[in-house]
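Below is one structure; the comments refer to it alone.
Every number for a ligand or one of its atoms is a count from 1 in the order of the listing.
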Amino acid sequence: MANQTSSQTVRSVCPFDCPDTCGLSITLEQGKVTSITGDKDHPVTKGAICNKVRQLPDRLYHPERLLYPMRRTGPKGTLSFERISWEEAYRELTERMRSMIDHHGAEAILPYSFYGNMGVLNAEGMDRRFFHRLGASRLDRAICNNAGAAGYRYTMGGSIGIDPEDTVHTKLFIIWGCNLVSTNMHQTMLATEARKNGAYIVHIDVHRNRTSAWADRFIHVRPGSDAALALGIMHVLIRDGLVDSGFLREYAIGYEELAAEAAGYTPERVSGITGVPASEIEELARLYGTASPSFIRIGNGLQHHDNGGMAIRAISCLPALTGQWNVRGGGAMKGNGWYLRLNTDRLERPDLMPDPAVRSINMNQLGDALLEADPPVRMLFVYNSNPAVVAPDQNRVREGLLRSDLYTVVHDLFLTDSCKYADLVLPAASHFENTDLYTSYWHLYVQLQEPVIETAGECKSNFTLFKELALRLGFEPEVFYMTEEQMINEALDSRMNPLLEGISFEALRKNGGRMKAGGGKLPPLAERIPTPSGKIELYSQAMLESGYPPVPVHTNLLEPDRYPFWLTSGPNHSFINSTFANQEKLKKLEKRPLLHMHEEDAAKLDLEQGEHIKIRNDRGEIEMNVSIGTDVLPGVLVTQGLWWDDADKGYQAVNALTPQRLSDMGGGAVFFSNRVEVVKTGTFPNKA
Ligand SMILES: Nc1nc2c(c(=O)[nH]1)N[C@H]1C(S)=C(S)[C@@H](COP(=O)(O)OP(=O)(O)OC[C@H]3O[C@@H](n4cnc5c(=O)[nH]c(N)nc54)[C@H](O)[C@@H]3O)O[C@H]1N2
Ligand SMILES: Nc1nc2c(c(=O)[nH]1)N[C@H]1C(S)=C(S)[C@@H](COP(=O)(O)OP(=O)(O)OC[C@H]3O[C@@H](n4cnc5c(=O)[nH]c(N)nc54)[C@H](O)[C@@H]3O)O[C@H]1N2
Ligand code: SF4
Ligand SMILES: [Mo]
């Protein structure tokens, strides 16, 4: 803990769900954080951080920060609460849990969490252990990257990409379905460095956004058409003899089968599916077939679709065709989590589950689960997440949250929209108040975070909350009476992952809080392809056995065409998901939620720039202002940011419109395979 009297600067780690996992430099005056900048000594993030996190002191000392537990006093949805003590909160919770288990079984209890804080102990440590031991329903945490991870895994065996530090050598960057400038800014910095040595940057997206403006070339595709584009590129590579046969023979299987499929994807046919002119597909393929090193950064956007798993599966085959995996700075990356995988059995203790066959509920279908699950969910325990805003089909979610026989607990730093429906609200400590371990899903460093400030008010970390609850319920002290240090060492137990050898709590402390996996060196390619065959699988027997085509194919999105537009609603620059959406300075930068529409569509609907409109479908209706231009193709709409409800400005969060359907693989969310219509409200000038 920092010295309380003097001014000093200490190291920390950014806790947010962002690939960069930056090293931070915190200035403290009298024990209070006064400024946050980047830690110049961090080998990858090198002293640069985003504006969001520079504003973090406002969040830490925000007047609306939750500081003590509260119990609901009025109807759900009205934000009427009274202060209670932790003693009362724990008594109420443990009594409820015991009685729930006696009457309905522990399966009636459902945890709901994601990565509001990426700290291993606080996001997938003590909490998981607790709910496993309790016997609660399991939560399939599939909201973010599951479809793409599954698709990538079929080709490469796991989340293995290249070391981003090597991309300073790259000559061709393809940024595919990723809003890099906003969502992975340090990859942008590395690519900009490579550009000084002649690198060329291509951005493939449905939205001409900040990343397109920064890139050298923008390829505008229709939503859900990426597998076809990848197959079209393969078609040209194969037709024109631009494949690396030597590499394919040594490191891949299934080239012939893939080539047979790609033969059907002529540039003309692919142009019809993607909207990209055939000449541009030819040009892109030739560029990709001749540049080296070439690197594809695969984002999360294109996999939030009905066919998202297969899209990533298709793209992930490309670098094998050109033999780029063996060139420094060449290859691809969707995520790098496999290199830093922890000993989850020791960390999460699934062995504690009284019934390993207990049901699992997909977090993308929370609405249906709350309204239809049989036996019903009777207690929902939310932490590290804001489901009333981030989960799809939000009207169903909120209808479920309003059930009078559902007991909801929300542990957070703020009164989020989810707290509106809570019976019990518990105050969460910020990560600066905790000890925790951070692994990036992009770079290869493990980082240790130790407390830099004292705990605010009566806040408790997730770690402390679940540990204390476990001990009050009489669970085994040898499992739950743990220090953070002990649990971090259990997680880092390298028996499952030799790349973690030598990394421990003590070693991290000695090394200034961060260490690189594998001592900084990844094993050679042949030793790190964890597919069943040990080779890159262009043809996948495992896919065939799971009912998928064994080679990549294009399929259409599934949303029925009752409504004319496809709506993509991704994250924005100044928030992280719905985090920061209650911070005035950052809200001001984003101004207001906007709906981007093509000028031809606007003309047909007789809309003027900035006009206030309704967007609706069978699931819901929201309002915002239209931004007319050519940033999206005709028939496509884009809005950015997971804003909270704002009744004054006539805005409800965008997930009122999105479906609960699951993607083709991994049970992923399909936020962007969403059809809507747009109607005039007759309100003009701007209501917002
Ligand atoms: N500033 C900021 N940074 C963040 C976040 C944030 O909210 N704000 N969130 C974090 C999290 S949790 C995640 S998962 C990542 C997400 O960050 P990214 O991986 O960048 O994913 P998205 O921003 O969801 O989508 C990326 C792009 O895909 C495009 N897209 C949508 N559909 C398609 C399609 O069918 N084809 C193609 N080619 N493109 C398509 C969208 O227009 C968008 O520009 O960012 C993390 N970092
Ligand atoms: N329409 C649409 N919806 C989307 C997406 C999209 O692109 N479009 N993106 C999806 C994706 S990729 C993701 S990852 C999800 C993200 O969804 P969530 O993981 O729910 O992310 P946030 O909205 O950031 O909410 C995190 C909450 O955790 C709280 N929190 C932070 N630290 C702690 C802590 O230490 N303890 C506790 N108890 N709470 C803490 C924060 O205050 C915040 O309220 O959203 C998904 N929803
Ligand atoms: S949100 Fe991302 S870019 Fe910003 S400081 Fe955190 S890790 Fe770095
Ligand atoms: Mo995410």
>> Using the side chain to side chain contact (heavy atoms under 4.5 Å, CB included) definition, which of the options Leu180, Asn184, Thr183 pairs with Pro19?
In response: Asn184

>> Could you check whether Asn395 and Gln652, counting side-chain N and O atoms only, form a donor-acceptor pair closer than 3.5 Å?
In response: yes

> Is the NZ or CZ atom of Arg83 both under 6.0 Å from the centre of the six-membered ring of Tyr68 and within 45° of that ring's axis?
Replying inline: yes

>> Return the closest protein heavy atom for atom 4 (Fe) of ligand 3 as residue, atom name and distance.
In response: Cys50 SG, 2.3 Å

> Of the protein's non-hydrogen atoms, which lies at the shortest distance from atom 2 (Fe) of ligand 3, and what is that distance?
Replying inline: Cys18 SG, 2.3 Å

> Does Arg222 make a cation-pi contact with Trp566, if we ask for NZ or CZ under 6.0 Å from the ring centre and within 45° of the axis?
Replying inline: no

> Of the options Tyr438, Tyr115, Phe114, Phe580, which is the one that meets Phe16 in a ring-ring contact (aromatic ring centres under 6.0 Å, His included)?
Replying inline: Phe580

> Is atom 8 (Fe) of ligand 3 less than 2.8 Å from an N/O/S atom of Cys22, whether that atom is in the backbone or a side chain?
Replying inline: yes

>> Quick check on contacts: which atoms of ligand 3 are under 4.0 angstrom from a heavy atom of Val53?
In response: 1 (S), 4 (Fe), 5 (S), 6 (Fe)

>> With a heavy-atom distance limit of 4.0 Å, tell me whether Thr45 approaches ligand 3 through its side chain, its backbone, both, or neither.
In response: neither

> Which parts of the protein, at residue level, reach under 4.0 Å of ligand 2 through a heavy atom?
Replying inline: Asp17, Arg59, Phe114, Tyr115, Gly116, Asn117, Ile143, Cys144, His304, Tyr383, Asn384, Ser385, Asn386, Val390, His411, Asp412, Leu413, Thr416, Ala428, Ala429, Asn462, Ser569, Gly570, Pro571, Ile576, Asn577, Ser578, Thr579, Leu642, Val654, Asn655, Phe671, Phe672

> Which protein non-hydrogen atom lies closest to atom 6 (Fe) of ligand 3, naming both residue and atom, and how far is it?
Replying inline: Cys14 SG, 2.3 Å

> Hey, are Lys585 and Asn51 close enough side-chain-wise for a donor-acceptor pair under 3.5 Å?
Replying inline: no

> Would you call the rings of His596 and His207 parallel, tilted or perpendicular, where under 30° means parallel and over 60° means perpendicular?
Replying inline: tilted

> Taking only heavy atoms of Thr21, which atoms of ligand 3 are found under 4.0 Å from at least one of them?
Replying inline: 7 (S)

> Is it true that the side chains of Asn386 and Ser578 contain a donor and an acceptor less than 3.5 Å apart?
Replying inline: yes

> When the ring centroid of Phe466 is compared with that of Phe131, is the distance short of 6.0 Å?
Replying inline: yes

